[in-house]
Amino acid sequence: MLSQESLQQIDREVAKYPADQKQSAVMAALRIAQVEKGWLPQELIAFIADYLEMPAIAAYEVASFYNMYDLEPVGKHKITVCTNLPCALSGGVHAADYVKQKLGIDFNETTADGKFTLKEGECMGACGDAPVLLVNNHHMCSWMTKEKIDQLLADLESK
Amino acid sequence: MILAGVDGDRAWRLQDYLARGGYSALKKIISEKIPPEAIIAELKTAVLRGRGGAGFPTGLKWSFMPRSFPGDKYLACNSDEGEPGTFKDRDILRYNPHSVIEGMTIAAYAMGCARGYNYIHGEIFEIYQRFEEALEEARAANLLGADILGSGFSFDLFAHHGYGAYICGEETALLESIEGKKGQPRFKPPFPASYGLYGKPTTINNTETFASVPFIINMGGEAFLNLGKPNNGGMKLFSVSGHVNRPGNYEIPLGTPFSELLEMAGGMRGGRKLKAVIPGGSSSPVLPADVMMSCTMDYDSISKAGSMLGSGAVIVMDETTCMVKALERLSYFYFEESCGQCTPCREGTGWLYRVVHRIENGLGRADDLDLLNSVTGNIMGRTICALGDAASMPVQSFIKHFGGEFQYHIENKKCLVSPEVQYEGSQIYVSPSC
Ligand SMILES: Cc1cc2nc3c(=O)[nH]c(=O)nc-3n(C[C@H](O)[C@H](O)[C@H](O)COP(=O)(O)O)c2cc1C
Ligand code: SF4
Ligand code: FES
């Protein structure tokens with residue numbers, strides 16, 4: 001269900017915890033699985049649970065509790081813009097509006113070609129870099145002026 | 001101190017850290033065989049107060065750990081920085097990760113812990129990767145792992161990556177999360193010092209708290225204390241965001257006047273007038289401009305003014321800000337991030353958001369401010385963790401200091417600050433120095 005490489009990465013995570021605490025690696029394992037597959041269908045979560053010798057329901061609870069796991073398919077590039085107050089004071093909402101306008105979608109929508117999904121984010125611990133946005137959960141983009149948003153979307157479009 | 005002169009792409013490397021005197025505190029402890037009690041005493045002298053929000057004295061916290069407990073004991077670092085306005089731990093991990101590793105290793109030595117975890121906020125994956133690399137460097141140099149520098153003392157440290165849940169910054173939720181569960185805070189007592197990670201004694205401190213430890217060992221507790229002011233030892237990182245010319249982190253002695261910090265951050269954007277400041281992260285009560293201008297930046301001064309120094313996140317708002325809208329966004333955050341375990345918090349945060357939302361949208365009712373005050377009264381002190389209070393304090397303080405603006409909204413069904421002015425004031429702004 002997962003590539004050899006992903007399984008090796010998961011094994012490295014498991015090794016961080018005491019031998020009888022494999023479940024501790026579930027967050028990392030779900031992340032690694034999501035990176036490979038794009039999102040987390042139920043069977044994949046069950047597979048992870050099995051791999052870590054924990055009940056499937058416990059892994060599912062974790063996957064649904066934390067915001068960055070996608071339990072539904074998302075576009076190829078998921079963009080999450082922070083609109084919390086500190087960011088909003090330096091244009092977070094304007095930046096989000098600009099992305100919406102450029103992509104022609106609202107928050108929680110995906111473009112018709114399946115390339116982009118837009119999400120509204122909470123504080124990313126980077127408010128000094130406002131406006132900030134995340135690409136595919138892992139890449140943070142700081143000081144996003146309209147020009148930089150144009151550039152970013154063009155780069156992602158061509159990927 | 002922690003961030004002085006460290007930026008760019010290389011400062012985080014072990015080699016650079018060693019070149020600026022890094023790991024000398026750890027080496028000193030090992031070579032001089034300084035006993036654990038002496039380290040804890042030094043922290044007490046330094047009056048190092050927890051940098052994560054509560055300001056609890058670190059030396060005292062460490063002394064709660066049962067050193068003679070025979071089984072495993074754990075150490076956890078809280079880098080789950082997600083309190084709106086706070087962005088200091090990210091820079092510490094980005095530019096000076098070894099200071100955290102060294103601080104944690106000293107802590108482990110002082111408390112007899114063999115294993116530790118650094119819990120890193122989900123949204124900063126790139127920083128998590130860097131921290132993992134820094135750990136590898138430390139292991140390769142035998143500064144971490146078995147028999148550190150031939151001392152017979154062993155400590156291993158790992159990074160645990162969060163995945164998007166503010167509540168995991170609460171220390172017991174953080175432990176649940178490391179155990180691979182939903183991040184739901186535990187009832188206290190028992191406290192983590194007796195029942196923590198995997199049910200074992202555990203100490204949790206903030207990233208900046210750990211990063212301060214090597215400095216205290218090197219310069220001595222007395223000198224550290226004297227950097228700040230009595231009962232507020234040392235330097236502190238302040239994350240300044242909002243309507244200033246140069247948002248960013250500023251590391252200054254505790255006790256520095258707020259006006260100086262504002263100056264360092266380039267002053268008010270566009271020369272506009274200061275309206276209000278949230279001095280310690282979104283959970284701390286807001287203060288009006290005149291009160292804030294007379295404060296110094298330390299735990300005691302801010303608390304005397306009716307707020308909290310919290311995590312040191314200073315959110316600056318100018319006259320273009322609609323206070324109802326500002327509160328609406330914060331209330332949404334707490335509603336969204338409540339873990340849902342306790343009814344007063346789960347239901348109450350929803351109420352707070354909906355009522356503020358309707359006031360902002362011109363649908364407020366005459367008794368809405370009373371309603372808000374009564375909802376916060378039903379949350380405060382009745383929940384498992386402090387998120388309930390954290391959601392309530394902004395509401396109470398916004399109404400207390402800016403009640404007139406809320407009243408205006410309810411009566412006139414619109415903002416006191418015109419939409420055009422608000423629109424201008426919330427434009428995308430990037431400091432030219434970035
Ligand atoms: C809802 C909530 C969120 C918190 N978030 C953080 C956080 O992001 N970082 C942090 O260090 N402490 C946070 N805390 C405080 C921790 O529970 C804990 O007091 C702190 O990590 C202790 O470290 P210190 O004594 O070094 O400050 C939070 C508390 C609550 C109630
Ligand atoms: S106060 Fe709120 S966040 Fe804290 S445990 Fe209760 S429901 Fe969860
Ligand atoms: S408010 Fe946007 S990163 Fe903190």
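Just so it is clear, the values below take in all heavy atoms, side chains as well, and ignore hydrogens, waters and symmetry mates. In what follows, every chain begins at residue 1, and chains take the letters A, B, ... in the order their sequences are listed.
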Within 6.0 angstrom of B:Lys325 NZ, more than 12 heavy atoms from elsewhere: no
Charged N-O contact under 4.0 Å between B:Glu132 and A:Lys16: yes
From CD (A:Gln21) to CD1 (B:Ile178), nearest 0.5 Å: 11.5 Å
Residue A:Lys146 excluded, over 12 heavy atoms near NZ under 6.0 Å: no
Side-chain donor-acceptor contact under 3.5 Å, A:Ser24 with B:Tyr117: no
Heavy-atom contact with chain A under 4.5 Å, split by part of B:Ile278: side chain
Options B:Ala165, B:Ser177, B:Gly248, B:Ser282, ranked by heavy-atom pairs under 4.5 Å with chain A, top entry: B:Ser177
Side chain proximity check, A:Met68 to B:Phe125, heavy atoms < 4.5 angstrom: no
Per-residue contact mode, A:Ala88 against chain B (heavy atom under 4.5 angstrom): backbone
Under 3.5 Å donor-acceptor, B:His161 side chain and A:Ala28 backbone: no
Heavy-atom pairs under 4.5 Å with chain A, option from B:Met317, B:His160, B:Lys88 with the top count: B:His160
CD-OG distance between B:Gln427 and A:Ser90, expressed to the nearest 0.5 angstrom: 11.5 Å
Minimum heavy-atom distance between B:Gly183 and A:Tyr66, given as atom pair plus value: N-OH, 3.2 Å
Interface residue of largest heavy-atom contact number with chain B, from A:Leu52, A:Val62, A:Leu85, A:Leu30, under 4.5 Å: A:Leu85
Side-chain touch A:Glu61/B:Lys181, heavy atoms, less than 4.5 angstrom: no
Any residue meeting ring-ring contact (aromatic ring centres under 6.0 Å, His included) with A:Tyr98, in chain and number order, not counting sequence neighbours: none
Chain A contacts, top residue of B:Arg90, B:Glu81, B:Glu83 (heavy-atom pairs, under 4.5 Å): B:Arg90
Segment of B:Val244 engaging chain A (4.5 angstrom heavy-atom cut-off): neither
A:Tyr69 atom OH, over 12 foreign heavy atoms within 6.0 Å: yes
Rounded distance [0.5 Å steps], OH in B:Tyr198 versus OH in A:Tyr17: 6.5 Å
Which portion of B:Ile315 sits near chain A, non-hydrogen atoms under 4.5 angstrom: side chain
Between B:Glu328, B:His243, B:Arg246, B:Gln184, the one whose heavy-atom pairs under 4.5 Å with chain A are most numerous: B:His243
Side chain proximity check, B:Glu123 to A:Cys82, heavy atoms < 4.5 angstrom: no
Option in B:Gly425, B:Gly164, B:Gly340 with maximal non-hydrogen atom pairs under 4.5 Å from chain A: B:Gly164
Under 4.5 Å from any heavy atom of chain A - which part of B:Phe87: both
Proximal component of B:Arg269, with respect to chain A [non-hydrogen, under 4.5 Å]: side chain
Heavy-atom proximity to chain A below 4.5 Å, by part of B:Leu157: neither
Inter-chain contacts: residues 116-139 of chain A against chain B, heavy atoms under 4.5 Å: A:Glu120, A:Gly121, A:Glu122, A:Cys123, A:Met124, A:Gly125, A:Ala126, A:Cys127, A:Gly128, A:Asp129, A:Ala130, A:Pro131, A:Leu134, A:Asn137, A:His138, A:His139
Spacing of A:Met27 atom CE and B:Tyr119 atom OH [to the nearest 0.5 Å]: 4.0 Å
Spatial distance of atom CG (A:Leu89) from atom OH (B:Tyr429) [nearest 0.5 Å]: 13.0 Å
Engaged part of B:His121 at the chain A interface, taking heavy atoms whose separation is under 4.5 Å: side chain
Options B:Pro84, B:Cys339, B:Pro247, ranked by heavy-atom pairs under 4.5 Å with chain A, top entry: B:Pro84
Region of B:Ser239 that comes under 4.5 Å of a non-hydrogen atom in chain A: neither
Nearest atoms (heavy-atom pairs only) where B:Ile124 meets A:Met140: CG2-CE, 4.0 Å
Contacting region of A:Thr83 [heavy-atom separation from chain B under 4.5 Å]: both
Under 4.5 Å from any heavy atom of chain A - which part of B:Gln422: neither
B:Glu337 versus chain A, the contacting section by heavy-atom distance below 4.5 Å: side chain
Chain A contact via B:Ser431 - side chain, backbone, both or neither, heavy atoms under 4.5 Å: neither
